[in-house]
Amino acid sequence: MPEEISGINENKSGDNAMNFLERIIEDDIRSNVYRRSVHTRFPPEPNGYLHIGSLYAININYGAAKRFKGAFNLRFDDTNPLKEDMEYVNAIIEDMKWAGYDPGENIFFGSDYFDRIYELTLKLIENGRAFVCDLTPDELRESRGTLTTPGINSPYRDRSVEENLKLFDGMKNGIYSTGEKVLRAKIDMSAANINMRDPTIYRVLNADHYRSGDKWRIYPMYDYAHPIQDAIENITHSLCSSEFKDHRPLYEWVLNALSFAFPEPPKQREFGRMSITGAITGKRYLRQLVSQGYVDGWDDPRLPTIKGLRRRGFTVESIYDFLGDIGVARDNSTVDISMLENSLREDLKPKAHTVMAVLDPLPVEIINYPEGAEEWVVVENNAENPELGSRELPFSRNLLVEREDFMEVPEKGFRRLYLGNEVRLKGAYFIKCEKALKDENGNVIKLLCTYDPATKSGGGFTGRKVKATLHWLDVNHTLPARINLYGRLLPDENISGEEPDWPRLVDPDSLIAMENARVEESLSSARPEEKFQFIRHGYFVADIHWKPSEKLVFNRIVALKDTKKKG
RNA sequence: UGGGCUGUCGCCAAGCGGUAAGGCAAUGGACUCUGACUCCAUCAUCCGUAGGUUCGAAUCCUACCAGCCUAGCCA
């Protein structure tokens, strides 16, 4: 198997600080625990899609292998035929590649080891380390005892090796029904660690497996199969999440019982799980949301799945950066979503085009601008990155500005549009608000302004300064749009006309739904390769696609940061 | 309740006996053709609590408290 780890981006901080797991590995290397090089693995069960938490686990294993120039395996832990499917293995591989953790040729399946595990199990039985148990699930649970009381030995615990071998053969050959018999490790029913109370290591399951088909009627349990899988793949460090800490003694028991086959057994070490505030985490719950139709699918932008994040506009770089930022700890952590958002912002900042958009339009008429005239003004795509160039926007007598950029009675500190105040329209001119037209209810429906031709952008005007710069759109070159549940702006063909019934770009219902799902920052992406950026009052609006020859096309919008406004 | 693990700023997180890094968030200010960005400043006399050891402790010891995991023929 290839030992090469494909390169991924370095941690932005560039520091070489090792996390505690890497320090453990380093110690092992120093004391020559293994004659082979570091080898880690990521063992997802193919029963769901990868999410940000999975990436955290991948990053830890992959990162350790990379740091010590070792190898990394992707192994599908598919020992339960009832829950697994090929759809998930394909999605997992795809997502890992997208995220920059390409396992290359090192893709394995636990189900490929069924034969080997079976053979080893025969030896285990021959050595008197396992026995076939006829207890029903209920009886087994009863006899296991509780947290405070020890379990009692199974009446079948002392069957002879011959009998166990014969029964196990029967299990294998499918002469028993599902659940009728199990194979148990013979350890200690009074152990304080319940995992050691003669745990079940094989069960009869008359079910076909998505890969091995109908070949097997018995399937090994995770606790038994996992250490063997690791050992078969020459894993040195099996880094998993902390809920498996209590399983470590069993992991070691199995490999010890099989030491004749695995002289240099891998070791399991644990790290705390990572979750993100407001994110729905946990495969079981995610699957429920998908299967019950609460979301579009695994790639719903409201989900913290890889596909969801991707559709929501997150870049690989930003995610990797985020993982580097949060570190690795022994205890579970809940990272604030703002950290993830910050990573995206940092990444997009120099790469994204800055585009103008108006979410809640307020018409503006430049009363001293010639009727019917039109000119094109130049706006930089990204002031921070001149290489992104500039583009032209149409400017005319009738414009739109953001409704919140006007206040009839300015609050203290408000420096945008109000009667008599002058502001700059980005890339265009200074305009001064002369009058606000209202409807019969007193609502401002239009602003009458004047502009100063001398202040045209790029003209070097220094005569006077202005306190604010606003974004705007030309009314005839704007595609009305409506925001949907996912924060996606949808073109709405039905909206047109001289005095259009301006859509509420964010309708209350959507906001409530989005709030409930904690996705007020969500978006969807039609073209992940195009990154645009719009920042307004702290909001990010990404991927708004401008084609000079056509109309303004909104592809997606995201508000990543709700900065408190000052006036 | 038994066993295991963890407790350092609102959130992540360094620190590993020598007198509390950094990031996110927040706050104040400067700057600005997007109230963004950038910049500058502030932000734990204290490391779950109480004792103890030591010249000296977040780091060692003891007790207590809190949180998480654990009684699948799931992984």
Side-chain angles (χ1 to χ4, degrees), chain A residues 13 15 17 19 43-45 47 77-80 82-84 133 135-137 140-141 144-151 178-184 191-197 199-205 219 221-223 225-226 240-249 270 272-274 277 283-284 325-343 345 349-350 354 356 379-380 383-384 402 405 413-416 423-428 430 455 457-458 461 465-472 533-540 561 563-567:
Chain A
S13 55
D15 61 45
N19 60 49
E45 179 180 21
N47 66 345
D77 200 346
D78 51 2
T79 55
N80 185 344
L82 270 21
K83 300 164 74 172
E84 297 138 7
C133 183
L135 254 25
T136 66
L140 207 167
R141 190 182 328 114
R144 186 158 32 229
T146 69
L147 294 177
T148 51
T149 59
T178 295
E180 197 177 332
K181 279 181 168 50
V182 295
L183 184 72
R184 294 222 264 159
N193 182 343
I194 295 181
N195 292 308
M196 301 299 272
R197 319 240 261 229
T200 300
I201 58 177
Y202 254 105
R203 77 281 215 185
V204 171
L205 226 44
Y219 295 91
M221 298 287 289
Y222 165 87
D223 278 324
H226 203 83
C240 63
S241 48
S242 54
E243 68 267 29
F244 293 105
K245 185 114 186 164
D246 291 339
H247 296 244
R248 191 151 108 196
E270 309 80 11
R273 294 183 78 96
M274 187 277 293
T277 55
K283 265 201 227 168
R284 199 188 61 187
D325 277 356
I326 60 177
V328 180
R330 292 175 172 82
D331 199 22
N332 295 347
S333 59
T334 305
V335 180
D336 197 291
I337 184 87
S338 67
M339 276 215 183
L340 218 205
E341 295 168 347
N342 177 258
S343 294
R345 240 180 281 128
K349 207 177 288 171
T354 302
M356 296 214 270
V379 178
E380 300 172 291
E384 192 168 323
E402 203 69 61
D405 285 343
F414 186 81
R415 46 196 213 229
R416 284 169 270 160
V423 299
R424 154 150 254 135
L425 290 183
K426 185 170 174 60
F430 280 12
T455 59
S457 179
F461 178 79
K465 290 202 166 191
V466 105
K467 286 269 183 55
T469 301
L470 307 185
H471 62 294
W472 53 275
Q533 173 192 33
F534 169 74
I535 308 169
R536 172 61 181 167
H537 301 158
Y539 284 87
F540 254 78
K561 186 187 181 189
T563 300
K564 192 164 42 179
K565 287 180 271 297
K566 294 176 182 172

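Because only heavy atoms are used, hydrogens play no part in the values below, and waters and symmetry mates are left out as well, while side chains stay in. Numbers restart at 1 for each chain; the letters A, B, ... are given by sequence-line order, proteins then strands.
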> Does U42(B) have a Watson-Crick or wobble partner in any strand here, with both distances under 3.5 angstrom, and which is it?
Replying inline: A26(B)
>> Could you walk me through whether V204(A) and E180(A) satisfy the side-chain contact (heavy atoms from CB on, under 4.5 Å) test, starting with their C-alpha distance in whole Å, then the side-chain angles of each, then the deciding distance to 0.1 Å, before giving a yes or no?
In response: CA-CA 7 Å; V204(A) 171; E180(A) 197 177 332; 5.8 Å; no
Can you give me the N/O atom pairs linking the protein to nucleotides 57-59 of chain B at distances under 3.5 Å, or say none if there are none?
none

> Taking only residues two or more places apart in sequence or in another chain, which ones pass side chain to side chain contact (heavy atoms under 4.5 Å, CB included) with R330(A)?
Replying inline: F20(A)
> Given atom CG of N332(A) and atom C1' of C12(B), what is their separation to the nearest angstrom?
Replying inline: 13 Å
> What residues form a side chain to side chain contact (heavy atoms under 4.5 Å, CB included) with N80(A), not counting sequence neighbours?
Replying inline: E45(A), L82(A), K83(A), E84(A), R203(A), L205(A)
> What's the closest nucleotide to the A192(A) side chain, out of G2(B), C74(B), C33(B)?
Replying inline: G2(B)
> Got P199(A) and D223(A) here, is their nearest side-chain heavy-atom distance under 4.5 Å?
Replying inline: no
> Between G2(B), C33(B), C73(B), which one does the side chain of L147(A) approach most closely?
Replying inline: G2(B)
>> Is there, by distance only and without an angle test, a donor paired with an acceptor across the side chain of R345(A) and the base of U38(B) below 3.5 Å?
In response: no
>> Please report the distance separating the P of U42(B) from the corresponding atom of G22(B), rounded so that it comes out in whole Å.
In response: 11 Å
>> Please give the distance between the C1' atoms of G17(B) and C74(B) as a whole number of Å.
In response: 46 Å
> Within the modelled atom types, does a donor on one side and an acceptor on the other bring the side chain of R248(A) and the base of G4(B) under 3.5 Å apart?
Replying inline: no
> What does T178(A) touch in the nucleic acid at a heavy-atom separation under 4.0 angstrom: a base, only the sugar-phosphate, or nothing?
Replying inline: nothing
>> Check the phosphate of U32(B) against K467(A), side-chain N and O only, distance under 4.0 Å to OP1 or OP2. Yes or no?
In response: no
>> Return a single string for nucleotides 5-11 of chain B, one symbol per nucleotide in 5' to 3' order, where B is base contact, S is sugar-phosphate-only contact and - is none, cutoff 4.0 angstrom on heavy atoms.
In response: SS----B
>> Under a 3.5 Å cut-off for both contacts, is C5(B) paired Watson-Crick or G-U wobble with anything, and if yes, with which nucleotide?
In response: G67(B)
> Touch check for H247(A), heavy atoms < 4.0 angstrom, all strands: base, sugar-phosphate only, or nothing?
Replying inline: base
>> Run the side-chain hydrogen bond (donor to acceptor under 3.5 Å, both in side chains) test against R144(A) and tell me which residues pass, sequence neighbours left out.
In response: none
>> It should be established whether R203(A) places a side-chain nitrogen or oxygen under 4.0 Å from OP1 or OP2 of nucleotide C74(B).
In response: yes
> Over how many whole Å does the gap from L205(A) atom CG to G72(B) atom C1' extend?
Replying inline: 12 Å
> Among all residues two or more places apart in sequence or in another chain, which pass the side chain to side chain contact (heavy atoms under 4.5 Å, CB included) test with F244(A)?
Replying inline: Y222(A), C240(A), S241(A), H247(A), Q268(A)
>> Starting the side chain at C-beta, find the nucleotide from C73(B), A75(B), C12(B) nearest to E45(A).
In response: A75(B)
